[in-house]
Participant: 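Structure incoming, see below.
Numbering of residues begins at 1 and proceeds along the displayed sequence. Worth saying up front: this structure is predicted, and the values here are computed from it rather than measured.
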Amino acid sequence: EYFSPKADEDFKSLHPIGYKILCLIGIAAFMIPQIIYIAYVVFINPAPNEWLIILGLVGASIVGIGLFNIVAAWIHQYLGHLFTAICLIGGTALTFLSMYLLYT
């Protein structure tokens, strides 16, 4: 068991406003890698219209999961260093692989 199912209930009762702020930070942490990737391949350096864009978006989503996991650690919902490292490293590798294949 990596976390207590009641951890966010305890945190929410102690910090009702802080819990909402952490939820917003968590959503932002999850979405920012995807937004940056989309902005890059659509506006900054337009990529050819290929399926590899979706591969990079999946990688950016995995990075977002890793970042969300770091935010979730503040309310004792952390899934562990290994899970976070796999998400951050694996998602980054998948995103860069996609970009390498798109632009070469």
Participant: To the nearest 0.5 angstrom, please state how far the CG atom of Leu94 sits from the OG atom of Ser61.
Facilitator: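 Going from the CG atom of Leu94 to the OG atom of Ser61 covers 10.0 Å.
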Participant: Applying the 4.5 Å side-chain criterion to the ILVMFWY set and letting contacts propagate, would Ile27 and Ile38 be lumped into a single cluster?
Facilitator: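 Hydrophobic grouping puts Ile27 apart from Ile38.
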Participant: Can you give me the closest heavy-atom contact between Thr95 and Gly59, atom names plus distance?
Facilitator: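 Heavy-atom minimum between the residues: OG1-C, 3.1 Å.
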Participant: For residues 63-73, which side-chain N or O atoms pair as donor and acceptor with protein atoms under 3.5 Å away, sequence neighbours left out?
Facilitator:
| from | atom 1 | to | atom 2 | distance (Å) |
| --- | --- | --- | --- | --- |
| Asn69 | OD1 | Leu79 | N | 3.1 |
| Asn69 | ND2 | Thr84 | OG1 | 2.5 |

Participant: Taking only residues two or more places apart in sequence or in another chain, which ones pass side-chain contact (heavy atoms from CB on, under 4.5 Å) with Leu24?
Facilitator: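 Not a single residue meets the side-chain contact (heavy atoms from CB on, under 4.5 Å) criterion with Leu24.
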Participant: Are Tyr40 and Val58 connected into the same hydrophobic cluster when the rule is that any two of I, L, V, M, F, W, Y join if their side-chain heavy atoms are below 4.5 Å apart?
Facilitator: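 Val58 and Tyr40: one cluster.
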Participant: Linking directly or through intermediates, with side-chain heavy atoms under 4.5 Å: list the remaining ILVMFWY members grouped with Ile36, chain and number order.
Facilitator: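 Noted: Ile36 shares its cluster with Ile32.
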Participant: Hey, is CG on Leu14 packed in by over 12 heavy atoms from elsewhere, all under 6.0 Å?
Facilitator: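 Counting other residues, nucleotides and ligands, CG of Leu14 exceeds 12 neighbours.
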Participant: Side-chain polar contacts of residues 97-104 - donor-acceptor pairs under 3.5 angstrom, sequence neighbours left out - could you list them?
Facilitator:
| from | atom 1 | to | atom 2 | distance (Å) |
| --- | --- | --- | --- | --- |
| Ser98 | OG | Tyr37 | OH | 3.1 |
| Ser98 | OG | Leu52 | O | 2.5 |
| Ser98 | OG | Gly56 | N | 3.3 |
| Tyr103 | OH | Asn45 | O | 2.5 |
| Thr104 | OG1 | Tyr100 | O | 2.6 |

Participant: Is Ile53 linked to Ile62 within one hydrophobic cluster, defined over Ile, Leu, Val, Met, Phe, Trp and Tyr using a side-chain heavy-atom separation of less than 4.5 Å?
Facilitator: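 Yes: a chain of side-chain contacts under 4.5 Å links Ile53 to Ile62.
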Participant: Once side-chain contact (heavy atoms from CB on, under 4.5 Å) is applied, do any residues pair with Leu82, and if so which ones, sequence neighbours excluded?
Facilitator: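 side-chain contact (heavy atoms from CB on, under 4.5 Å) list for Leu82, sorted by chain: Ile86.
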Participant: Hydrophobic clustering (ILVMFWY, side-chain heavy atoms < 4.5 Å, transitive) - are Phe30 and Ile35 grouped together?
Facilitator: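 Shared cluster, yes.
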Participant: Mind checking who shares a hydrophobic cluster with Ile89, ILVMFWY linked at side-chain heavy-atom distances under 4.5 Å?
Facilitator: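 Other cluster members: none.
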Participant: Counting only heavy atoms not in Ile17, do more than 12 sit closer than 6.0 Å to its CD1 atom?
Facilitator: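 No, the 6.0 Å shell around CD1 holds no more than 12 heavy atoms from other groups.
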